[in-house]
Engineer: 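Below: one structure in C-alpha cells.
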Number of protein chains: 2
Amino acid sequence: MMNRSTMKPTAGELEILRVLWDRGPSTVREVHEELSRSKDVGYTTVLKLLQIMAAKGMVTRNENQRAHVYEARRPADETKRELADDVLQRVFGGSASQLMLHALEGRPTSRQEIEELRRMLDDYERGLR
Amino acid sequence: MMNRSTMKPTAGELEILRVLWDRGPSTVREVHEELSRSKDVGYTTVLKLLQIMAAKGMVTRNENQRAHVYEARRPADETKRELADDVLQRVFGGSASQLMLHALEGRPTSRQEIEELRRMLDDYERGLR
DNA sequence: TTGACATTACGAATTCCTTCGTATATTGTG
DNA sequence: CACAATATACGAAGGAATTCGTAATGTCAA
C-alpha cells in the first residue's frame with residue numbers, strides 16, 4: 001500500500017474530511033447529519049467510507065463509546081497543502097500564478113478579495129526573510 | 001452522460017490533454033513519444049485513452065491520414081479554469097486566498113514568483129474596472 | 001505482389017470508488 | 001426481561017479508470 005502519510009483522499013473521502021476538520025472528532029451519525037444537509041447519502045455509506053478511511057490510516061477511530069468517534073489523522077493544512085500542490089503540478093506545471101489566474105477567472109471575484117490576496121502575499125513574503 | 005462541455009478529465013486524460021495543449025494536433029505516436037519521456041506507458045494504452053476521450057467528445061479526431069490526428073476540443077484555458085475552480089470549491093470552500101496560501105506552502109517559492117503573483121493580481125484587477 | 005511494419009479496433013482483466021442491503025450486536029426503556 | 005432503537009460489520013453490485021494483448025487493417029518498399 002501507498003505511504004499512508006501522503007495518501008490523496010478521493011472525492012468522497014474529502015467531503016468527510018472536511019466535516020471532520022470543521023467539527024472535530026465526530027460519530028458516524030454526526031458526519032452523516034452534516035453531509036445530509038447538502039446531499040442525499042445513506043447512513044451506512046458514510047459508515048463504510050469512514051471504515052475504509054480508518055483502514056487506510058486516514059482517520060483514527062476511538063471505540064470507547066458504542067458510537068465510535070472518528071478523527072482526521074493528519075492536520076487539515078497538511079492535506080490541503082498536498083491537494084493544492086497536486087493540482088498545481090498536474091494542471092499548471094508548477095506555475096502558481098497560472099493557478100491563481102485561472103482560479104480567479106473561474107468565478108466572480110471581488111476587489112476586496114484581491115486586496116486580501118495582496119495582504120496574504122505580503123505576509124507570506126515576510127515569512128521568507 | 002454528463003454534459004460534454006463540462007466533463008472533468010481524469011488523471012490520465014489530463015496528461016494527454018497537456019501534451020495536446022503543448023504540441024497542438026498530434027498522432028497517437030507523437031503523444032506516446034512525449035509521454036514516454038516521463039513515464040513508462042504502452043502505445044495501445046495511449047491509443048485507447050485517446051479513443052475514449054474522442055468518444056466522450058473531449059478530443060476531436062481527424063482521420064484524413066492513416067495515422068489519425070487528435071486535438072483537444074476545448075481551449076486549454078477553459079479546462080484549466082474548471083479544474084482550478086473545482087479544487088477551489090471542493091478543498092477550500094471557495095476561498096482563493098486559502099488556496100494560494102497552501103499552494104505556496106506546498107513547495108519552495110521564490111521572491112520572483114511572488115512578484116509575478118502581484119503583477120498577476122494587478123492585471124486581473126485592471127480587468128475588473 | 002508480398003512481406004514487414006505501422007496503425008487502429010476491440011475485448012478483457014484488474015483495480016478502485018461508491019453505494020447500499022442485510023446481518024448482527026448493543027443499549028436503554030417500558 | 002424483551003422489544004425497539006441504534007450501531008457496527010461485511011459482502012457485494014455497479015461503474016469508472018487504467019492497462020495491455022491480440023486481431024484486423026492499411027501502407028510502403030523490395
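Residue numbers begin at 1 in each chain, while the letters A, B, ... track the order of the sequences.
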Engineer: In plain terms, say whether Glu82(B) and Arg74(B) are close enough for a salt bridge, that is, a side-chain N and a carboxylate O under 4.0 Å apart.
Structural biologist: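 Yes, this pair counts.
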Engineer: Look at Glu113(B) together with Arg107(B) and state whether they make a salt bridge at an N to O cut-off of under 4.0 Å.
Structural biologist: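 Yes.
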Engineer: Should the pair Asp123(A)-Arg126(A) be classified as a salt bridge under the 4.0 Å nitrogen-to-oxygen rule?
Structural biologist: yes
Engineer: Starting at CD of Glu13(A) and ending at P of dC17(C), how long is that distance when rounded to a whole Å?
Structural biologist: 6 Å
Engineer: Regarding Glu30(B) and Arg23(B), does a basic nitrogen lie under 4.0 Å from an acidic carboxylate oxygen?
Structural biologist: yes
Engineer: Starting at CG of Leu47(B) and ending at P of dG21(D), how long is that distance when rounded to a whole Å?
Structural biologist: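 Rounded to whole Å, this separation is 14 Å.
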Engineer: With the threshold set at 4.0 Å, does a side-chain nitrogen-carboxylate oxygen contact exist between Glu115(B) and Arg118(B)?
Structural biologist: yes
Engineer: Over how many whole Å does the gap from Lys48(A) atom NZ to dC17(C) atom C1' extend?
Structural biologist: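 Distance, rounded to whole Å: 12 Å.
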Engineer: Between Thr10(A) and dT18(C), is there a contact of a side-chain N or O with OP1 or OP2 at under 4.0 Å?
Structural biologist: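 Looking at the OP1 and OP2 atoms of dT18(C), one of them is under 4.0 Å from a side-chain N or O of Thr10(A).
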Engineer: How long is the line joining CG of Leu14(A) and P of dC17(C), in whole Å?
Structural biologist: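 Leu14(A) atom CG is separated from dC17(C) atom P by 13 Å.
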Engineer: Using OP1 and OP2 only, check whether a side-chain N or O of Thr44(B) sits under 4.0 Å from dC20(D).
Structural biologist: no
Engineer: Using a strict heavy-atom distance below 4.0 Å, which residues from residues 22-40 of chain A are in contact with DNA chain D?
Structural biologist: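 Val28(A), Arg29(A), in order of number.
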Engineer: Is there a side-chain polar atom (N or O) of Tyr43(B) under 4.0 Å from OP1 or OP2 of dT8(C)?
Structural biologist: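 Yes, within the criterion.
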Engineer: Does Arg111(B) come within less than 4.0 Å of Glu125(A), counting only side-chain N to carboxylate O?
Structural biologist: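 Judged by the 4.0 Å cut-off on N to carboxylate O distance, Arg111(B) and Glu125(A) do form a salt bridge.
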Engineer: Looking at Gln51(B), I'd like to know whether one of its side-chain N or O atoms comes within less than 4.0 Å of OP1 or OP2 on dC10(C).
Structural biologist: no
Engineer: Between the base of dT27(C) and the side chain of Arg66(A), is there a donor-acceptor distance below 3.5 Å?
Structural biologist: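 Donor-acceptor pair under 3.5 Å: no.
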